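Report on the following structure.
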There are 2 protein chains.
Amino acid sequence: MRISSKGDYGLRALFDLAQRYGEGPIQSDDIATRQGIPVNYLNQLLITMRRAGLIDSLRGPQGGHMLARAPETITLREVLTVLEGPLLPDEPGRETSPPAIPEDHALIDELWAELRERIERLLAETTLDDLCQRKRQRSGSVMYYI
Amino acid sequence: MRISSKGDYGLRALFDLAQRYGEGPIQSDDIATRQGIPVNYLNQLLITMRRAGLIDSLRGPQGGHMLARAPETITLREVLTVLEGPLLPDEPGRETSPPAIPEDHALIDELWAELRERIERLLAETTLDDLCQRKRQRSGSVMYYI
DNA sequence: CGTAATGTAGAGTAAACTACTCAAGAAATC
DNA sequence: GATTTCTTGAGTAGTTTACTCTACATTACG
């Protein structure tokens, strides 16, 4: 139960794109340099995110990547689900030995389902735009002291 | 970001022990059979949980395992932390290429930390005793219809 | 039209982790 | 001292992680 580099790097890349939303395509090289991500690996993640409909990509000179939707419509939940998969595989399928007390089995299964829903609801509360606002607020309060 | 068999099996085993809290040592064979867990694997997990102070174990005939503390003092947070490790390694240490925009890096780092705390708080809300009560309520409401 | 700049697709890989099994040993009870 | 139970550590096949690399497709520009 941990966030892997996919979720970490992927979110950092989307955050980079969110800050430049509306400025046209951003190249993966630039994202990689700014955010400190291995560019080859990032390219893979970008493809995954494009296929999932999070970003649009354009080839050729002046090509690059951009958010497919406005930053306030992209939640952490969607990002992490795309990159990390669900908290538990939908139907676990751990059927090695038969469960002798099916009611206990069902109760724990339901607990996992409930937990997944609660965590996903929590993740859905934060959007890419929230992250941008946080950064703005932060740099803003620093400004006062310069 | 998923619950592995360690967390799943481990919780099922502890739930089994919680339902028999105060009845003395319970053998791993019995737990394994009741909950449908491969016994060799379960033995490993039980050792991990004993070393973490979740259970006490006794060898010899009539030996077995028992919760080290009352079920209402053992939370999902503790169980999953012991068995699955933290949501993110404490200091990620992904320092492959240097982060060109350190403020972005810090912001995402803090987001992960905040998220971890929020999820752990959520997990801390449920104890083993809560699971036992749920089961009791459930079988109770079934009783009315028999 | 050609060439350079970009993303795309898929293969490859070392290391770690998962989900187990197994055998030898230690401790407690009878 | 035999048996029951947990303990320790090794082993292993398969999957995932965290990448790299090569070849290819597409587009823009001159």
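Within every chain, numbering begins at 1; the chains are lettered A, B, ... in the order of the sequence lines, protein sequences first and strands thereafter. All figures in this text were calculated on a predicted structure; none of them were measured in a lab.
- Under the side-chain hydrogen bond (donor to acceptor under 3.5 Å, both in side chains) criterion, A:Tyr41 pairs with A:Ser5, not counting sequence neighbours.
- Distance, B:Asp30 CG to D:dT5 P: 8 Å, rounded to whole Å.
- In this view, B:Glu125 and A:Arg118 satisfy the side-chain hydrogen bond (donor to acceptor under 3.5 Å, both in side chains) rule, not counting sequence neighbours.
- With rounding to the nearest 0.5 Å, the separation of CD1 in A:Ile74 from CG in A:Leu131 is 11.0 Å.
- Taking 4.0 Å as the cut-off between side-chain N and carboxylate O, B:Asp109 and A:Arg12 count as a salt-bridged pair.
- In this view, B:Asp16 and B:Arg20, B:Arg34 satisfy the salt bridge (charged side-chain N to carboxylate O under 4.0 Å, His left out) rule, not counting sequence neighbours.
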Close N or O pairs between protein and nucleotides 11-13 of chain D (under 3.5 Å):
none

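- Rounded to an integer number of Å, the gap from CG of B:Leu46 to P of C:dA19 is 16 Å.
- Of the residues in residues 47-57 of chain B, B:Ile47, B:Arg50, B:Arg51, B:Ser57 come within less than 4.0 Å of DNA chain D through at least one heavy atom, sorted by number.
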For nucleotides 22-30 of chain D, give me every protein contact, N/O to N/O, under 3.5 Å, one pair per line with atom names.
{"from": "D:dA25", "atom 1": "N3", "to": "A:Arg59", "atom 2": "NH1", "distance (Å)": "3.3"}

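- With contacts defined as side-chain heavy-atom distances shorter than 4.5 Å, the pair B:Thr73/B:Thr127 does not qualify.
- Put simply, the side chain of A:Leu76 reaches to within 4.5 Å of the side chain of B:Leu111, judged on heavy atoms.
- The distance from atom NE2 of B:His65 to atom P of D:dT5 is 11 Å, rounded to the nearest whole Å.
- The interatomic distance linking A:Ile31 (CD1) with C:dT6 (P) rounds to 12 Å, in whole Å.
- Rounded to an integer number of Å, the gap from B:Leu45 CG to C:dT21 C1' is 14 Å.
- The distance between atom CD1 of B:Ile26 and atom P of D:dC6, rounded to the nearest whole Å, is 10 Å.
- What separates CG of B:Asp8 from P of C:dA19 is a distance of 9 Å, to the nearest Å.
- Among D:dC6, D:dC19, C:dT8, the nucleotide with an atom closest to any side-chain atom of A:Tyr9 is D:dC19.
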Could you pull out all donor-acceptor pairs under 3.5 Å where a side-chain atom in residues 47-63 of chain B meets a protein atom, sequence neighbours excluded?
{"from": "B:Thr48", "atom 1": "OG1", "to": "B:Gln44", "atom 2": "O", "distance (Å)": "3.3"}
{"from": "B:Ser57", "atom 1": "OG", "to": "B:His65", "atom 2": "ND1", "distance (Å)": "2.7"}

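- Atom CD of A:Glu117 is surrounded by 12 or fewer heavy atoms from other residues, nucleotides or ligands within 6.0 Å.
- Shown here are the salt bridge (charged side-chain N to carboxylate O under 4.0 Å, His left out) partners of B:Glu120, two or more places apart in sequence or in another chain: B:Arg77.
- Rounded to an integer number of Å, the gap from B:Leu42 CG to D:dT8 P is 15 Å.
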I'd like a list of close polar pairs between nucleotides 14-17 of chain D and the protein, N/O only, cut-off under 3.5 Å.
{"from": "D:dT17", "atom 1": "OP2", "to": "A:Lys6", "atom 2": "NZ", "distance (Å)": "3.0"}

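- A search for side-chain hydrogen bond (donor to acceptor under 3.5 Å, both in side chains) contacts involving B:Glu110 returns A:Arg138, not counting sequence neighbours.
- With sequence neighbours excluded, the residues that form a side-chain hydrogen bond (donor to acceptor under 3.5 Å, both in side chains) with B:Gln19 are A:Asp104, B:Lys135.
- No side-chain heavy atom of B:Leu83 sits less than 4.5 Å from a side-chain heavy atom of B:Asp8.
- For residues 43-63 of chain B, the set of pairs meeting the ring-ring contact (aromatic ring centres under 6.0 Å, His included) definition, not counting sequence neighbours, is empty.
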